[in-house]
Amino acid sequence: MKLVRFDAGQWGILEGELIHETDGPAGNPTGRHFDLGGVTLLAPATPSKIVCVGRNYLDHIREMGHDFGGDLPKEPGLFLKAPNALAHPANPARPEQSGDAVPYPSFTNLLHYEGELAVVIERRMKNVPESEALEHVLGYTCALDVTARDKQKTDLQWVRAKSADKFCPLGPWLVTSLDPQNTTLRTYINGELRQEAHTSLMIFPVAKILSYISSFMTLEPGDVVLTGTPEGVGELKPGDLVEVAIEGIGDLHTRIGSRA
């Protein structure tokens, strides 16, 4: 099932090109229907926080110059993005609608892309065991973790590097029935494949990540968890078109705007 958030913030179930409006993200039908091509899609989450996993693919750890002496990380490495970082997706049924463009901020000279599988929470999670973690998931979607790489290296914390406005495009919708460890993620820049990895290569699977976070931080309904990026990250330029494609979900298209 595909869940979409659209127009004024209402939710619906997408069947083909028709949206059946519901009274919430996992709600009951209202009886109203909308054509997909006639709506503006919104990021399919309303998070109080966006929790992100860094260094969850071994090849990405290596390309970033980190070495654990042959041993894998023992715990997920986490950081936060603020809710203001959310950016709305393009509507696949309306090619002329590009969604939110990510501005290229004046404070950075090295903007990077990181394509990721994202998880949206349905029910409050606190001290949830790994065996029950996926029962708290509303759905899965595509995410673009935009990073000001130069500021990530120089700032005390990664606030500018990760949480600038629109640094987290999300969408185009949620898929409720997906095996998060059995899909393939690809990132394209201007149509050129830059990242490709199967999610079975994650060091920490999604259920482990969610359980770990819930052991010290309550995850609320609507919160978003980004599960890490594979190798192949690289630089973005103004005007670039980024596509994050995940099998079983769809494609998230994001345009990089001019320098702000």
Side-chain angles (χ1 to χ4, degrees), residues 1-53 80-94 97 99-100 116-126 128 132-145 166 168-180 183 206-207 209-211 213-214 217-227 244 246-254:
M1 186 165 62
K2 293 179 179 178
L3 305 180
V4 295
R5 182 168 166 260
F6 62 101
D7 284 355
Q10 62 261 55
W11 285 85
I13 298 170
L14 179 63
E15 294 183 350
E17 298 293 308
L18 187 64
I19 299 171
H20 305 272
E21 187 187 49
T22 58
D23 59 7
N28 298 312
T30 66
R32 298 204 301 169
H33 308 279
F34 300 82
D35 290 328
L36 177 62
V39 304
T40 298
L41 291 184
L42 305 177
T46 53
S48 66
K49 54 191 169 293
I50 303 167
V51 187
C52 308
V53 181
L80 294 173
K81 281 180 173 281
N84 64 283
L86 273 188
H88 301 312
N91 187 334
R94 294 171 60 183
Q97 185 206 64
D100 280 344
E116 306 197 18
L117 171 68
V119 182
V120 177
I121 303 303
E122 180 178 15
R123 295 188 290 123
R124 174 176 285 191
M125 294 187 67
K126 180 62 177 177
V128 175
E132 300 174 12
L134 298 186
E135 299 173 11
H136 292 70
V137 172
L138 176 63
Y140 304 89
T141 191
C142 307
L144 176 61
D145 176 11
K166 303 188 187 304
C168 188
L170 198 73
W173 41 62
L174 298 180
V175 171
T176 59
S177 56
L178 181 82
D179 180 350
T183 188
V206 171
I209 293 167
L210 298 180
S211 176
I213 296 170
S214 80
M217 176 186 291
T218 303
L219 288 170
E220 301 288 354
D223 282 351
V224 176
V225 177
L226 271 57
T227 59
V244 180
I246 300 178
E247 291 181 357
I249 297 178
D251 300 347
L252 168 67
H253 291 89
T254 302

Check whether Arg5 reaches the backbone of Trp11 with its side chain - one donor and one acceptor, N or O, closer than 3.5 Å. no
Apply the test side chain to side chain donor-acceptor pair (under 3.5 Å) to residues Glu122 and His136: give CA-CA distance (whole Å), side-chain angles for both, the deciding distance (0.1 Å), then the verdict. CA-CA 6 Å; Glu122 180 178 15; His136 292 70; over 6 Å; no
Provide the closest heavy-atom pair for Ala45 versus Val224 in the form atom of the first, atom of the second, distance. CB-CG2, 3.5 Å
Rounded to the nearest 0.5 Å, what's the gap from OG1 on Thr176 to OH on Tyr140? Could you check? 9.5 Å
Do the non-hydrogen side-chain atoms of Leu117 and Pro180 ever get within less than 4.5 Å of each other? yes
Output, in order, the C-alpha distance, side-chain angles, deciding distance and verdict of side chain to side chain contact (heavy atoms under 4.5 Å, CB included) for Met217 and Val51. CA-CA 10 Å; Met217 176 186 291; Val51 187; 4.0 Å; yes
Stepwise side chain to side chain contact (heavy atoms under 4.5 Å, CB included) check, Thr22 with Thr30: CA-CA 5 Å; Thr22 58; Thr30 66; 5.5 Å; no
Rounded to the nearest 0.5 angstrom, the SG-CG distance for Cys142 and Asp251 is 7.0 Å
Approximate separation, where rounding is to 0.5 Å, of Ile121 CD1 and Thr218 OG1: 11.5 Å
Measure across Leu42 and Asp7 and return the closest heavy-atom pair with its distance rounded to 0.1 Å. CD1-O, 3.5 Å
Donor-acceptor check, side chain of Glu135 to backbone of Ala133, threshold 3.5 angstrom: yes or no? no
Within-4.5 Å side-chain heavy-atom neighbours: Thr46 and Pro83: no
What is the minimum heavy-atom distance between Pro172 and Leu41, and which atoms define it? O-CD1, 3.9 Å
N/O donor-acceptor pair under 3.5 Å between Thr141 side chain and Trp173 backbone: yes
Considering all heavy atoms of both residues, which atom of Leu252 and which atom of Pro89 are nearest to each other, and what is their separation? CD1-CB, 3.6 Å
Measure the shortest side-chain to side-chain distance between Asp35 and Ile19 over non-hydrogen atoms and say whether it is less than 4.5 angstrom. no
Gap between atom CD of Glu116 and atom OG1 of Thr227 - 0.5 Å precision: 6.0 Å
Contact summary for Leu170 and Ala143, nearest pair of heavy atoms: CD1-CB, 3.7 Å
Tell me if a side-chain donor or acceptor on Asn91 pairs with a main-chain N or O of Gly37 at a distance below 3.5 Å. no
Between Asp100 (side chain) and Ala87 (backbone), is there a donor-acceptor pair under 3.5 Å? no
When you compare the side chain of Ser211 with that of Val128, does any pair of heavy atoms fall below 4.5 Å? no
Report yes if the side chains of Phe6 and Thr40 come closer than 4.5 Å at any heavy-atom pair, otherwise no. no
Going from CD on Gln10 to CZ on Phe34, what distance comes out if it is rounded to the nearest 0.5 angstrom? 5.5 Å
Quick one: does His88's side chain have a donor or acceptor within less than 3.5 Å of a partner on Ala43's backbone? yes
Rounded to the nearest 0.5 Å, how far does CD of Glu15 lie from NE2 of His20? 3.5 Å
Sub-4.5 Å side-chain heavy-atom contact between Lys49 and Lys81: no
Counting C-beta onward and ignoring hydrogens, is there a side-chain heavy-atom pair between Pro47 and Leu86 closer than 4.5 Å? yes
Would Ile13 and Lys2 count as a side chain to side chain contact (heavy atoms under 4.5 Å, CB included) here? Give the steps. CA-CA 6 Å; Ile13 298 170; Lys2 293 179 179 178; over 6 Å; no
Look only at the side chain of Asp223 and the backbone of Ser48, and say whether a donor-acceptor pair between them is shorter than 3.5 Å. yes
Would you indicate whether the side-chain heavy atoms of Ile249 and Leu178 approach each other to under 4.5 Å? yes
What verdict does the side chain to side chain contact (heavy atoms under 4.5 Å, CB included) test give for Leu3 and Leu138, after you've listed the backbone C-alpha separation in whole Å, the side-chain angles of each residue and the deciding distance to 0.1 Å? CA-CA 9 Å; Leu3 305 180; Leu138 176 63; 3.7 Å; yes
